[in-house]
Every structure is written in C-alpha cells, then in structure tokens.
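To start, the structure under review is shown below, and the notes come after it.
Values below: all heavy atoms of this structure, side chains included; hydrogens, waters and symmetry mates excluded. The sequence lines fix the lettering, A, B, ..., with proteins before strands; numbering per chain opens at 1.
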There are 2 protein chains.
Amino acid sequence: MTDAATPPMTRIQQKNRELILQAALDAFSANGFRGATIDQIARAARMSKPNVLYYFGSKDEIHKTLLTTLLDMWLAPMQQIDAAGEPLAEILQYVQAKLQMSRDFPRESRLFAYEILQGAPHLTEILGGGLREIVDRTVAVLETWMEEGRLARVEPRHLIFSIWSMTQHYADFEIQVRAVLGPGHDPYQEGSAFLDDLYRKLLAP
Amino acid sequence: MTDAATPPMTRIQQKNRELILQAALDAFSANGFRGATIDQIARAARMSKPNVLYYFGSKDEIHKTLLTTLLDMWLAPMQQIDAAGEPLAEILQYVQAKLQMSRDFPRESRLFAYEILQGAPHLTEILGGGLREIVDRTVAVLETWMEEGRLARVEPRHLIFSIWSMTQHYADFEIQVRAVLGPGHDPYQEGSAFLDDLYRKLLAP
DNA sequence: CGTGATCCTGACCAATCGGTCAATAATCTG
DNA sequence: CAGATTATTGACCGATTGGTCAGGATCACG
C-alpha cells in the first residue's frame, strides 16, 4: 500500500538514481545547494548532464529527495530511546549513537547543516511538523524520568539541542576541530569520553 | 606603525566601504559565499555594482575583508578569560558572553559557520595559526586550574568545542530551535539558564 | 575658478548555470 | 527478429554571474 501508485523501477533506474544521489550528496555537502552544480554531479556519477535531469526533473528535486530520504535515518537514534530503559544509560547511548553518526556520515550532517543555515527552505513543513512531534515524544519521556527523580531536572528541549550541537559539531566543523587539536588526535574518540563525562555529571539525579 | 604604508581614506571611502561590508554581511550570512551576489550587495548598499567593485576589487576581497575584520571581535571573549580570576566564574562568564554574541550578532556567527562548513578556504592559514595559539593559551590556563584542583578535570579543548558549538547553535540553527520550541519561548534566556547549570555541574571541582 | 584626483555608472563581455530538445543508442518484450 | 519502450547524449538556449571599461559627475584644493 505504500508504493501502490508509483510505477515499478527498472534495474537501470534504481542503479542510476542511487548513483546520482550519492554524487549529489558529495556535492551538496561540500558546497551547499547553490555551490553544487548539476555538471559536477553528472561527472561524479559518470553520466551526462541531461541524463541526470532525465532521472530527476530538476536540481531542486535531487536535493529534496536527498533531504527527505535521509531525514528518517538522521532522526532514527532519538526514536530508539526506550522509556522503559534506565534513563541515564538510554541518554548516554543516544549521545554515543549521534556522535558515531557524525563520524560515519559527515556528509549527511553537513547536508542538513547547510539546509538549516539557509533557513530550511526545503524543510520548513517538516521542521514545524514531524520533527516537533518526534521531539515532543522524547521530551515527554525525559520529563517523566525527571519527575520520577531518576534524572536531574534540566530543560529537556535544550538538553536535546546540546546533544545535537555538540555531536554534529565534530562533523560540520571538522576542519576547525582538527586544526585546533593538531595532528595525532582522534576527535571522535576524545569527544566520546568528554561527552560521556559531561552528561553523566549533568544528568545524574 | 600599523597603517604606515596604507594611503589615508577619504570620508567617502570610509562610509562606502562600511556600507558595502554591512550589506555583504547580510548577504553572505543569509546565503553563503556562492549564494550571495554582488548585485544583491550593491542594491542593499544603494549603489551600482561597478561602484562596489571600485571599493573592493572582487567578491572574494569583500568576503575576506569581512572574515578577517570580524574574527578578532569573534574571538575576543575567550581572550578575556582571566587566569587570576575565580575559575568557574570566569568560564561561566565566557559562556554567557559567547551566548550573547550569538543573540546579538547572529549574522557573524552564520558567516563563520558557512566558511568552516565550506572547508575554510579563506581561513586555513588562520585556523592552523592564530586560532590555535589563542586556544592554546586558554588551554594552558584551564589546565593550571585543573591541576590546582579548582576545576574538574576535563579535556580542555573539547570543553572549548562544547562551548562554541552549543552557543553558536542558537544562532546558526535558530530556525530549527524556534521550530522545536514553538512560539512563546525565548531561546536565549532558556539557553542561558541551561548552559549555566550544565557548566556548573561539569566543572565544579 | 579651474584642474587634477576621486567617485560613479550604463553598457558590455565571457563564463557558467539550470534546463530543453531532437536524435540516437540500448534494452526489453512478444 | 521486430517494434516499442527506455536510456543517453550533443547541441543549444535564456538567464545570471563576476568583472571590465570608457566616459561623465563630483569633489578637494591651489
């Protein structure tokens, strides 16, 4: 029922759409929407520019497809917070999962960073809609834990902001992080320990 | 001795260069370097495009001038950390100063965010040079405090990253912050309290 | 007042961009 | 194999972009 109306895709379509999306993720995450060109995407995907436009009607459509496709994956870790679990452990696990996503998927992190910086022209409806609901659900869990005295009282939404900003910082500003740390450092390993320490101290009841 | 070789500027030059830089800050911080156009800057500064190029030789030069001019102001709060002061109070004051800068100068925050995201093509020498020295000086102070037992032991550089990321998050991702919080919230006021709480718990010896 | 330096702009240019189109090549289906 | 569908591309287009240039307006100053 989910894909009833969509015509089936040929093998070539699946392969080429995926090729284009991968090339576009490279381009958009490196240069932003306006900085990336269809030519650049086409070259990276080893095909001609008109062929890229044959699979996606416009540059905007590629970008929008990327954002909507990756948003679920990007928000997945937060939805895995288990209300029945041990509060501090659940949150620490979420923090680590988010940090690993920054390490393993920095392109995705930068894609969203550009989009939000730009004012989220392609995500406004999601920002005010789906995202807020997901956050609200997590906030409800956090507040329950706090009322039960199993977690220190902090503003739950700002707690979430802090997790997002600090973990994604390692991906979005990686160049700055590496420049400041200098060679011979593993930002993600050190950051992991730092964040673990930080949230233990902040949230211990 | 600092401006010995530079020819003196006429009143008109000072006024128009400032006008252009303000307009350019608007444009670059809203759309990024590539997204901003000289035409747009010229219109906002109420002058013709060639006249903008008369004062700044190229789009790149405007951008570079902005970055280098604003970098000092942007890093100033960190240099005001006083090694002779009370450790926790000094850091809390720095955090609050940084948060206020996000509130009062969001355009500057976004300008740097774009630049670092892009890979800092215009700041590479500064990232590896001046910035690192400034950070190193602050790190030395922090480490002294920690060794004296006046501050909890944490990785000082990651402590600085955390301050940068969380405070600038309120400026760079303001749209997302407001979308998640919903109407009737003052992100900066709430964030101020949250960050104060967080760093007290993290850094209390 | 006049004259040289500074200031300003319309018109223009080459390059690049997103996107179209007609024609060709490859693939699938009976 | 035949015919239809799908896939692919070179050539092209209008719009926009960063930047140039020649000439005119304005200003500072003796």
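For the pair A:Tyr55 OH and C:dG19 P, the computed distance is 18 Å after rounding to whole Å. One atom, NZ of A:Lys15, and another, P of D:dA7, lie 11 Å apart when rounded to the nearest Å. As a whole-Å value, the separation of A:Gln14 CD from D:dA7 C1' is 15 Å. The CD atom of B:Gln40 sits 14 Å away from the C1' atom of D:dG18 (whole-angstrom rounding). In this entry the distance linking CE of A:Met47 with P of D:dT9 reads 8 Å, nearest Å.
When only modelled atom types and interatomic distance are considered, B:Gln96 and B:Ser192 share a side-chain donor-acceptor pair under 3.5 Å. A donor-acceptor contact under 3.5 angstrom links the side chains of A:Arg107 and A:Gln22, judged on distance only.
The listed nucleotides are C:dG18, D:dG19, D:dA7; the one nearest the side chain of A:Lys49 is C:dG18. Closest approach to the B:Ser48 side chain among D:dG10, C:dC8, C:dG19 is made by C:dC8 (side chain taken as heavy atoms from C-beta onward).
The shortest distance between the side-chain N/O atoms of A:Asn51 and the OP1/OP2 oxygens of D:dG10 is not below 4.0 Å. When the side-chain nitrogen and oxygen atoms of A:Arg34 are compared with OP1 and OP2 of D:dT17, none of them lie within a distance under 4.0 Å. Checking the phosphate oxygens (OP1, OP2) of D:dG19, no side-chain nitrogen or oxygen of B:Tyr54 falls inside 4.0 Å. Listed pair A:Thr10 / D:dA7 meets the phosphate criterion, a side-chain N or O lying under 4.0 Å from OP1 or OP2.
Between A:Ile12 and B:Ile12, it is A:Ile12 whose nearest contact on DNA chain D lies nearer the 5' terminus.
With hydrogens and angles left out, the side chain of B:Lys59 and the base of D:dG19 share no donor-acceptor pair within 3.5 Å.
Classification of the B:Phe33-B:Phe28 ring pair by plane angle, with boundaries at 30° and 60°, yields parallel. Using cut-offs of 30° and 60° on the angle between ring planes, the pair B:Tyr170 and A:Phe161 is perpendicular.
Backbone-only engagement by B:Thr37 is indicated by non-hydrogen atom pairs under 4.0 Å involving sugar-phosphate atoms exclusively.
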